[in-house]
Structures are given as structure tokens and as C-alpha cells.
Protein chains: 4
Amino acid sequence: MASGDDRPLPERLLAVATRLFAESGYEGTSVQEIVAAAGVTKGAMYHYFAAKDDLLYEIYHRLLALQTERLRRFASGQGPAEERLRAAAVDVIETSLAHLDEVTVFFRSMHLLPAEKQKAVRAERRRYHECFRALVEEGQREGTFQAGVPADLAVNFFFGAVHQISTWWHPDGPLDATTVGDYYIGLFLDGLRTGSGVFEGR
Amino acid sequence: MASGDDRPLPERLLAVATRLFAESGYEGTSVQEIVAAAGVTKGAMYHYFAAKDDLLYEIYHRLLALQTERLRRFASGQGPAEERLRAAAVDVIETSLAHLDEVTVFFRSMHLLPAEKQKAVRAERRRYHECFRALVEEGQREGTFQAGVPADLAVNFFFGAVHQISTWWHPDGPLDATTVGDYYIGLFLDGLRTGSGVFEGR
Amino acid sequence: MASGDDRPLPERLLAVATRLFAESGYEGTSVQEIVAAAGVTKGAMYHYFAAKDDLLYEIYHRLLALQTERLRRFASGQGPAEERLRAAAVDVIETSLAHLDEVTVFFRSMHLLPAEKQKAVRAERRRYHECFRALVEEGQREGTFQAGVPADLAVNFFFGAVHQISTWWHPDGPLDATTVGDYYIGLFLDGLRTGSGVFEGR
Amino acid sequence: MASGDDRPLPERLLAVATRLFAESGYEGTSVQEIVAAAGVTKGAMYHYFAAKDDLLYEIYHRLLALQTERLRRFASGQGPAEERLRAAAVDVIETSLAHLDEVTVFFRSMHLLPAEKQKAVRAERRRYHECFRALVEEGQREGTFQAGVPADLAVNFFFGAVHQISTWWHPDGPLDATTVGDYYIGLFLDGLRTGSGVFEGR
DNA sequence: TATGAATGAGCATTCATTCAT
DNA sequence: TATGAATGAATGCTCATTCAT
């Protein structure tokens with residue numbers, strides 16, 4: 001019962017919920033299981049979170065806020081677009097792999113959020129996406145990236161692959177996070193780069 | 001009430017369940033809603049499916065069986081590996097987009113299947129994956145594809161992107177299925193092809 | 001458990017609920033207590049009633065339907081208005097005292113019904129009220145009843161008294177139902193009759 | 001937040017509770033809602049009231065104490081019983097209409113009080129009732145009122161009607177409080193007066 | 001083949017109340 | 001006097017599944 005975790009209760013509940021949602025799914029995890037794992041009672045949880053889906057929202061919202069803030073720093077840096085894009089992509093893969101449960105849980109279960117929360121998170125996500133896309137477009141204007149492929153689609157392609165990583169990768173497996181990140185970024189940037197391919201001249 | 005659908009009941013139930021699962025999620029759809037939408041009663045459904053999760057299993061199993069059979073035909077064809085891989089990739093994107101609900105539902109909810117069914121579908125999925133990977137490896141041996149990137153990882157990268165398509169693409173949107181497929185295959189093959197990139201010589 | 005009651009389950013549930021609501025109040029009676037007293041499980045109850053408040057609605061709706069039908073028969077009969085009104089009033093008191101729990105429960109708890117059900121029952125109640133009021137107005141036109149008192153108000157006065165009977169009267173007490181009914185009707189009609197009082201000439 | 005209400009907190013809490021109970025019912029109003037509407041926190045309320053039902057008890061207890069004190073003044077006055085009864089009745093209707101929420105709330109929810117509080121309020125109520133009944137009996141002995149009707153029953157009849165007024169009357173409606181009071185008293189006294197009716201000679 | 005009444009276990013949520021501060 | 005975090009028990013309701021017919 002003594003959890004040996006002295007973080008504030010809201011943080012502890014989010015951490016516990018993230019782990020349990022990743023293990024058994026959002027719908028497969030009861031509020032009772034969450035609070036039991038955190039060593040408190042339901043009332044304590046509802047003191048901080050108005051509903052179970054607030055946990056789900058908050059889990060991804062916090063990660064996305066972190067990633068957005070970091071992305072903005074990379075995007076507004078110096079140097080050619082490709083270098084800034086690469087740095088941003090390395091970073092988003094690193095933080096995504098470091099928060100694999102959060103990513104997994106969210107993309108599996110965001111459809112279970114009530115409409116208005118879904119809208120809110122989609123709006124946050126869209127802002128992130130647009131910042132990333134702007135980097136791709138900058139690279140296309142510079143001539144580093146193929147102009148023939150819609151930047152929007154390329155970004156979706158990349159993040160699709162990233163968000164699904166947990167379906168096959170595990171931190172204790174043979175490939176470490178950095179390695180996977182390098183390969184993913186390589187596959188993405190090589191696919192995009194001028195000289196590589198099929199969309200040139202479009 | 002008259003559904004105007006004269007397919008056998010099992011097929012009708014699967015079609016209805018796929019639609020409802022895609023709309024409201026697997027856990028958000030009750031058996032009662034499924035049978036009501038199919039115009040029958042619960043007993044009728046339980047006559048054909050032993051449990052609700054049989055529907056989920058069957059939905060993806062049928063699509064995967066179809067895609068596996070087609071993949072085998074492409075894989076065992078003539079010509080250079082890249083051509084066969086491209087044809088297989090075009091095909092899997094086309095069939096995936098044509099059965100977008102099935103793909104969405106399954107990758108969202110496979111974690112809710114009981115252990116043994118999860119194992120079964122993972123085994124089927126692995127067989128599919130390995131056949132696809134073999135094509136990539138053949139291309140690497142032929143020298144068409146970069147040998148530096150693990151074929152397994154490349155295949156996972158590609159299917160990650162494909163399985164997430166429904167998070168942003170819609171059949172009535174500005175890009176039609178063929179266009180999306182072409183871009184995705186382009187991004188994938190360009191990223192993989194010799195001469196494009198970072199993994200050469202590894 | 002064997003209830004020894006072979007009425008259909010819906011009727012049995014309503015009977016049990018009426019008794020328990022009268023004893024402990026609507027809010028003080030749990031669905032669990034109702035189904036336990038009826039010897040079934042919650043699922044069985046929810047098979048017939050969509051919500052707990054359906055029980056409350058149905059309890060009064062059924063009594064009111066009965067009383068409305070009887071009132072219409074008395075109202076459309078032959079003879080002077082006073083005689084028809086007296087017969088109707090005798091009848092409504094008799095049926096109200098025979099269903100005292102229903103009356104008590106409803107007038108205590110109707111404010112807990114969801115808005116649309118409250119509206120429905122109010123509309124039913126209004127139809128009943130208007131039929132009764134028409135009898136009073138007829139007596140006023142005939143000159144039997146004082147014209148100075150608004151018929152609406154007189155009817156509300158009378159039913160106020162009737163609906164509160166359960167706060168002081170009990171079937172096993174010294175006064176039997178018929179006696180109480182006679183007195184109430186006497187007090188009401190004497191108060192209304194020409195020659196008795198203060199509203200004449202208004 | 002600043003309530004603009006400088007009455008002592010207990011009074012403010014009772015006023016707020018009365019309004020909320022009248023709007024949403026006793027069980028439909030949470031302690032949290034009461035304290036929020038009063039601009040304080042739960043601890044403050046529990047400092048003055050030991051339990052939620054103390055609010056309910058106090059709401060009616062205060063009104064009843066007021067009405068009892070006034071009734072005693074009218075009862076112990078000079079003149080014929082009918083005049084004193086009329087004055088008392090006018091007064092009780094006036095104060096009841098002026099505190100309509102209190103009356104409504106109490107007669108809807110008194111059954112939710114714990115046994116001992118219910119007993120206490122019933123005893124207070126009985127004292128009030130007996131004082132009023134004594135006036136009726138005095139009138140019967142004087143020959144002004146029909147002796148054939150039990151005074152107890154007549155008083156219950158009258159207060160039944162009065163306590164239900166809020167089910168149909170509203171201060172902003174076409175009839176003002178004084179008018180309603182006059183009619184109610186007229187209907188009651190005319191029903192009771194010698195020469196009007198059916199109970200004479202009993 | 002199909003019905004539909006009934007089960008039983010589970011779920012998210014609410015809430016009056018307490019108590020250390 | 002007053003706060004607000006936390007409790008613990010209860011509540012209405014849902015739902016996959018069974019089974020006699």
C-alpha cells in the first residue's frame with residue numbers, strides 16, 4: 001500500500017493510469033484498479049480528475065505540450081531546413097520512445113474521448129503537425145526535399161510510422177531507442193530527399 | 001427493419017459490426033446495437049459467433065487472409081524484387097484503403113482480444129510480415145535496396161504508416177486512394193533504395 | 001425468494017416499488033432493494049423499465065389513467081351538475097384512498113422526474129383537472145355553486161386537500177375511507193354552494 | 001463570489017439551501033452546491049450544522065416557530081371564535097405564501113429526516129394543529145360552525161389544501177397572495193359554517 | 001434457427017462526512 | 001472560524017452471455 005512514491009497524487013495517478021492503460025487498454029482498466037495501484041480511494045482521484053477520460057486526455061496532452069515546446073525550439077533555430085528537421089525528428093522519436101506507453105495508449109483510445117475533448121486534443125495535435133510541416137515545406141522550397149510530394153502527406157506518413165512503433169518495438173529488445181530513431185529518420189529523410197525518387201519534377 | 005441486404009447473416013453481422021466498431025469503438029458498441037442494426041436478435045448472433053470478440057477476430061482475420069493470399073501471388077511472380085515489392089505494396093495499400101474500417105478497428109482494439117485469439121492473429125500477421133520482408137531482403141541482396149537498414153524494421157516502418165492512414169485520410173477528401181497509395185509507396189521505396197541515403201555501406 | 005406472486009413481473013415490480021417508495025421515499029429506496037423485494041435481479045427490472053424514474057412515472061400514470069377514465073364517465077352522465085360532481089368527487093376520493101401509496105409517492109417525488117416525464121404527467125394531470133373544473137363551472141352557470149370563486153382555484157383547493165390525506169389518515173385508524181370521503185366532499189361542496197358564503201354577488 | 005449578503009453565515013446557508021432544495025429537491029442538491037452558492041466551503045457549513053438534514057429540519061422549524069407564536073396571539077385574542085379563526089387563517093396563509101419554498105421543501109422531504117428529527121417536528125406540528133383545532137371546536141360550541149364534522153379532520157382538510165398551494169400557484173401569476181388567501185379562507189369557513197350544509201344535526 | 005427474458009458481475013460516478021491544518 | 005484533501009460506502013445502470021422455448 002505504501003507506494004514509496006512521493007510525487008503529488010495527480011502525477012502518481014497519471015503515471016499509474018498510463019501503465020495500466022498500456023497493459024490492459026483504457027476500457028479494460030477500471031477506475032478501481034487505478035486507485036488501488038496508486039494506494040488511494042476513488043474519492044481521492046475524483047478530487048483531482050473530473051472523469052476517467054480526463055486521465056486519458058491529460059496523459060497525451062502533457063506529452064504533446066512537451067513535444068510542441070521542443071519542436072518550436074528546433075524549428076526556430078539556425079541552419080538549413082534539413083538540419084533543423086532532422087534534429088526535430090530525432091527529438092520527437094526520442095521523446096516518443098521514452099514515453100511509449102503514453103503514445104500507445106493515446107492513439108489506441110483517443111476515439112473514446114468525449115467529443116469536446118477529442119476536438120481539443122486534435123487542435124493541439126494540428127498545431128504540432130503544422131509546425132513540423134512548415135519545416136518540410138521550407139526544405140522543399142530550398143530544393144533539399146522533393147517538391148512533388150505534399151508536405152502534409154509526408155508528415156502524416158512519418159508520424160503514422162512513429163505512432164505505431166510500440167506494436168513491434170520494446171525497450172528491452174535487440175534494438176535500442178537511438179538505433180530505431182536513426183533508422184526511422186533515415187528512411188523518412190531519404191524518402192523525401194531530392195535525387196532519390198519518383199516525385200521529382202511533379 | 002427489412003435490411004435490403006440478402007447476404008448470409010454471418011456476413012451481414014460482420015459488416016454491421018465493422019461499421020459500428022469504427023464509429024464508436026469496440027467497447028463502445030454493444031451486442032444489442034449490432035444485432036439491432038442487422039435486424040436480428042441476440043440469439044441469432046450467438047448462433048454464429050461464440051462471443052463478441054469473435055467478431056473482432058473475424059473482421060481482421062478475413063482481411064488478412066485476403067491480403068496474404070494476394071501477397072503470395074505477387075511475391076512468387078517473375079521479375080526483379082523491386083517490381084514485385086512495388087506491386088505488392090500497391091496492392092496492400094489499395095486493399096487496406098478499401099477496407100479502412102477493418103484496419104482501423106483492428107489496430108485500435110486488438111489488445112482487447114483474449115490471449116489465445118491475440119496469439120492466433122499475431123501468428124497470421126507474422127507470416128504476412130515475413131513474406132513481405134523476404135521481398136525486401138531479396139532487393140537488398142540484388143543491390144537495389146540499401147543493405148544497411150534491417151528489413152524487419154523497414155517493413156514495420158512502412159506498415160506503421162499504412163495502418164495509421166485512417167487517422168487522417170478520408171475517402172471523400174481531396175486525395176483519392178490511388179494517389180495516397182502512390183505517394184506512400186514512393187516515400188517508402190525512395191527511402192529504401194540504394195543511392196538515396198544514409199545507410200549505405202553499413 | 002419465492003414471492004408467491006404470479007402477476008407478470010412488470011406489475012410486481014411496480015407494486016413492490018410503490019410500497020417501498022411510500023415507506024422510505026423514492027430517493028431512499030435503491031433499485032437493489034426493489035429487485036430484491038421482488039425476488040429478481042437488476043437486469044430483469046431494466047429489461048422492462050428503462051430507468052428507475054420510469055417506475056415513478058408509471059405508478060402515477062396508471063392511477064391517473066384509471067381516474068381520468070372514471071371521471072369522464074361521471075362527467076358525461078345525466079342530471080344536475082352538483083350530483084355529477086358529487087359522484088365524481090366521491091369516486092376520486094375512494095380511488096385515491098384505495099391507492100394512497102401511489103398518491104403519496106407521486107406528489108412527494110414528482111419533482112425528481114426528468115423534465116420531459118414531468119411535462120408528460122403534468123399534461124395528463126391538466127386534462128383531468130379541466131374535466132373536473134368544467135363540472136364546477138357548469139354548477140356555477142346553473143346557479144348551484146357560487147360564481148364568485150374561480151373554478152380553477154376551487155378545484156386546486158379540493159385536490160390539495162385530497163393529495164395530502166396520507167399525511168394524517170391511515171386505513172387502520174378510527175375513520176374509515178368512506179367516512180373521510182364523505183366529510184371531505186361535504187366540506188368542499190358546502191364551501192362552494194350558493195347561500196353559504198362570502199363570494200356571492202362577486 | 002462576494003455574495004453581497006451580510007447576514008450571518010447560518011442564515012445565509014439556510015436561505016441558499018431553501019432555494020436550492022425548492023429548485024432541485026433535497027436529495028437532488030449536494031452539500032457542495034449549497035456551500036458553493038453561499039460562497040463558502042464545506043467545513044464552514046459543518047461548523048454550524050451537524051448534518052445536511054439539520055438544514056432541512058431548521059428550515060421548517062423556524063417557519064413553524066414563527067407561525068405558532070403568531071397563532072397563539074390570534075387564538076388568545078378577544079371576540080367570537082370565527083373572527084379569531086379567520087384572522088389566524090389569514091395569517092397562516094399569508095406567512096405560508098411568503099415562505100412558499102420552505103413549505104414546499106418540507107412537505108416534500110420531511111420523510112427523509114432521521115427518525116428522531118421527524119418525531120421532533122411532528123410534535124411541534126401537532127402543537128400547532130391542536131391550537132388551531134381548539135379554535136374550530138370553540139366555534140362549534142358557540143354554534144357558528146357545524147358540529148357534525150370532526151374538528152381534527154376539518155383542520156387537516158384546510159392545511160392539506162394550504163400545503164399544496166405551491167403545486168399550482170406562483171407569486172408572479174395572475175392571482176396575488178392576498179386574493180388566494182381570501183378565497184381559501186372563504187372556501188374553508190363557508191364549508192364549515194352552520195347553515196351551509198350536510199353535517200348539521202349529526 | 002431464432003427468440004427474448006433473465007442473470008450476475010462489473011462499472012463510473014456521487015456524496016455526506018471527517019480531520020489535520 | 002474555516003480549508004480542502006481524502007474516505008468509504010452506496011447508487012443507478014450496462015452488458016455479454018445463457019437457456020428454456
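Labels below follow one simple rule: chain letters A, B, ... track the order of the sequence lines, proteins then strands, and each chain is numbered from 1. Atoms considered below: every heavy atom in the structure, side chains included; atoms not considered: hydrogens, waters and symmetry mates.
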Considering only nitrogen or oxygen atoms on both sides, find all protein atoms under 3.5 Å from nucleotides 5-8 of chain E and state each distance.
from  : atom 1 : to    : atom 2 : distance (Å)
E/dA5 : OP2    : C/H47 : NE2    : 2.1
E/dA5 : O5'    : C/H47 : NE2    : 3.2
E/dA6 : OP2    : C/Y48 : OH     : 2.7
E/dT7 : OP2    : C/T41 : N      : 3.2
E/dT7 : OP2    : C/T41 : OG1    : 2.8
E/dT7 : O5'    : C/T41 : OG1    : 3.4

- Query: According to the Watson-Crick and G-U wobble definition with distances under 3.5 Å, which dot-bracket string, read 5' to 3', encodes DNA chain E, using [ ] for crossing pairs and | for pairs with another strand?
  - Reply: .||||||||||||||||||||
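Comparing B/V31 and C/Y26 against DNA chain F, the residue whose closest nucleotide sits nearer the 5' end is C/Y26. Residue A/K52 is the one, among A/K52 and D/G28, whose nearest nucleotide of DNA chain E lies closer to the 5' end (criterion: closest heavy atom). Nucleotides of DNA chain E nearest to A/Q32 and D/Q32 differ in position, and the one nearer the 5' end is that of A/Q32.
Atom OH of C/Y46 is separated from atom P of E/dC11 by 17 Å (rounded to the nearest Å). Spacing between atom CD1 of D/I34 and atom C1' of E/dT17 amounts to 13 Å, rounded to whole angstrom units. Atom P of nucleotide E/dC11 and atom CG of A/L112 are separated by 15 Å, given to the nearest angstrom. Separating the CZ atom of D/F49 from the P atom of F/dA2 is a distance of 12 Å, rounded to the nearest angstrom. Across the protein-nucleic acid pair, A/E27 atom CD and E/dG10 atom P stand 18 Å apart, rounded to whole Å.
Taking the six-membered ring for Trp and the full ring otherwise, A/Y60 and A/F107 have centroids separated by under 6.0 Å.
Listed by first then second residue, pairs satisfying ring pair (Phe, Tyr, Trp, His ring centres under 6.0 Å) with a partner in residues 6-46 of chain D read D/F21-D/Y26, not counting sequence neighbours.
Rounding to the nearest 0.5 Å places OH of B/Y48 at 10.0 Å from CD of B/E11. Atom CD in B/E58 sits 11.5 Å away from atom CG in B/D53 (nearest 0.5 Å). Between D/D54 atom CG and D/K52 atom NZ the span is 12.5 Å, to the nearest 0.5 Å.
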- Message: What verdict does the side-chain contact (heavy atoms from CB on, under 4.5 Å) test give for D/M110 and C/R108, after you've listed the backbone C-alpha separation in whole Å, the side-chain angles of each residue and the deciding distance to 0.1 Å?
- Response: CA-CA 10 Å; D/M110 65 181 286; C/R108 249 185 206 160; over 6 Å; no
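Within the 3.5 Å criterion, the main-chain N or O of C/L113 finds a donor-acceptor partner in the side chain of C/Q118.
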Could you go through residues 30-40 of chain A and list every donor-acceptor pair under 3.5 Å that involves a side-chain atom there, pairing it with any protein atom two or more places apart or in another chain?
from  : atom 1 : to    : atom 2 : distance (Å)
A/S30 : OG     : A/E33 : N      : 3.1
A/E33 : OE1    : A/S30 : N      : 3.0

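With sequence neighbours left out, C/R122 forms a salt bridge (charged side-chain N to carboxylate O under 4.0 Å, His left out) with no residue at all.
Considering B/E124, B/K117, B/E102 in turn, B/E124 is the only one that fulfils the side-chain hydrogen bond (donor to acceptor under 3.5 Å, both in side chains) rule with B/H61.
Closest non-hydrogen pair, A/S96 versus A/Q67, comes out as OG-NE2, 3.1 Å.
Contacts of residues 17-25 of chain A with DNA chain E (heavy atom under 4.0 Å): none.
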